Amino acid sequence: MIVPKPVKHEARPGSFVLDSRTPLAADPALSEVAAWLRGELAPVTGGELLPGPGSGTITLALGDLPPESYRLTVGPDVEIVAGGPAGAFYGAQTFRQLLPAAAFRKAAAGPFTAPFTVPGTYVEDAPRFGWRGCLLDVARHFMTKHDVLRFIDLLALHKLNVLHLHLTDDQGWRIEIRRYPRLTEVGAWRRESQTGWNGAMDGRPHGGYYTQDDIREIVAYAARRHVTVVPEIDLPGHTQAAIAAYPELGNLGTPLEVRATWGVGVNVLNVEDATIAFFQNVLDEVLELFPSPYVVLGGDECRKEQWRDSPVARRRIAELGLRDEEELQSWFIHQFDAYLTERGRRLVGWDEILEGGLAPGAVVASWRGELGAVAAARSGHDVINCSNTSLYLDYRQGPGEEEPAPFGTVLTLEDVYAFEPVPEELRGDPAAGHVLGAQCAVWTELIDSTRHVDYMAFPRLAAFAETVWSPAGRDLAGFRERLAAHLPRLAAIGVEYRHADGPLPWQTRPGVPGRPEDPERWQAKIDAWTSNLRTL
Ligand code: TNX
């Protein structure tokens, strides 16, 4: 009962006994995976799983397989053969899932829980997609470093390998930049927050940020779990927190506060050389901290009112011979594409970067339905399918008033499980090869705690993991069975997931009203937003 479902999973004769004396031996290239597995198991076996003689050995070995693939054989011994450390890590994750849910506890109550008996098993496994991501929005509501590390463990448990950290937005700047200390001194704090979509405010300050040491720790912790942390610095919209810290970045010349309400704001960056230089300096520090080959520079939801009124923006448009503000936005993003390319990184932007010409080499994170994914792939750009209508885990999970984040259309567990990363229009088209994978998203306008993140992300994230890891095709009944075995693991870890029949009393949020959006109206809105993508 493994989640996500492996390529092949069969019963074999015999069984394995894991106890406090079980030796674990690993190829030197896999020693970090071995250390990780020892660390996960020791609290409940009571042993250290050191290499040594003994019956019933766990061995991690390298074999002639792709890097993320593995074969796991459980008999009198356990053998994990993998193409590389990532594959060995996934094999070890699968092995943990063959143990009782109690093995996911951090400590056994009373005497150690082991020995565990594992029935004979053979698993052959490899991911379907290379990009298996989840976005976590720590800008709208800050999450502590500890919560982020815990979230990384939960991604790794589901064999996801990308954490897209949305670090900056109108409502907060969450990463220390040495050269510009006001970004966090001012930009990381807001006076209060909007509590729902009815405009009510909570009157309570909110904030927080990660120091550069915190970021290094998060990146290293994730790397050990084969998760790449992809940073997002959102530009040129979603930048009010930065403008509050450094007003010269904006268009108004009057001071602004870090934004306390949600929605798409009018305050965007100006297009002066100094502003571009400012953000290239910011990126110098970001690149030093994040080894990720990909860097997300947003590019989404940039309102154009201030540019239309700005003599500087109008002059830019004229000098460069651009058609309009859409092309100006595209030009702005291009400045950073060249910058990143020179430094060996690839720019990722939301599908709005397709409007007004796509920066060469850029990767598109397609979020407004799937039209952007189709357009980008057909024009030869790599794509990550982040479709809001299937993968936005901030959308409500049921129609009732009791749902604690009453936003968006209803997006059930079954809806997420039904998601297919390759858009229908691309099936059978060689352009489908440009789909790197998919990514779910936990936007946090209305999600103000880890407990609430748990409720929104789980178990829908488990369903998402099957769509990107497991072979194509769906088996809802089989998934339900696997999930029934998986939920006790989440419970043992302490994840406050949503139960099938809705929120428990303390998971509701009375006083934050909201009716579910009508799916047809919602789709019509997305169609209107993206109609210009049809003509690309
Ligand atoms: C759209 S996805 C956004 C986010 C919001 C989210 C809420 C994207 C590029 N922009 O800023 O948080 O919807 O679901």
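Both counts, for ligands and for their atoms, begin at 1 and track the order of listing. What you are looking at is a predicted structure, and each value in this text was computed from that prediction instead of being measured.
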Top protein contact for atom 3 (C) of ligand 1, by heavy-atom distance: Glu301 OE1, 3.6 Å

Test item: Val268 and Asn251 side chains (from C-beta on) under 4.5 Å apart, heavy atoms: yes

For Tyr395, the ligand 1 atoms whose distance to one of its heavy atoms is below 4.0 Å: 14 (O)

Salt-bridge contact Asp448-Arg509 (side-chain N to carboxylate O under 4.0 Å): yes

Closest protein heavy atom to atom 2 (S) of ligand 1, given as residue, atom name and distance to 0.1 Å: Tyr392 OH, 2.5 Å

Option whose closest heavy atom lies nearest to atom 11 (O) of ligand 1, chosen from His166, Arg140, Glu445, Glu232: Arg140

Asp300, any N or O under 3.5 Å of ligand 1 N or O: yes

Contact atoms of ligand 1, heavy-atom distance to His238 under 4.0 Å: 11 (O)

Inter-residue atom distance Leu283.CG - Leu235.CG, 0.5 Å rounding: 7.0 Å

Heavy-atom check, side chain of Thr239 versus side chain of Asp234, under 4.5 Å: no

Trp307 CH2 to Glu325 CD distance, which is reported to the nearest 0.5 Å: 8.5 Å

Shortest protein heavy-atom distance from atom 7 (C) of ligand 1, along with the residue and atom involved: Asp394 OD2, 3.2 Å

Contact with ligand 1 for Arg368, non-hydrogen, under 4.0 angstrom: no

For His166, the option from Trp173, Phe142, Trp443 that meets ring pair (Phe, Tyr, Trp, His ring centres under 6.0 Å): Trp443

Trp350 neighbourhood, listing ligand 1 atoms whose heavy-atom distance to it stays under 4.0 Å: 9 (C)

Close approach of Phe407 to ligand 1, heavy atoms, under 4.0 angstrom: yes

Leu297 side chain near Phe279 side chain, heavy-atom distance below 4.5 Å: no

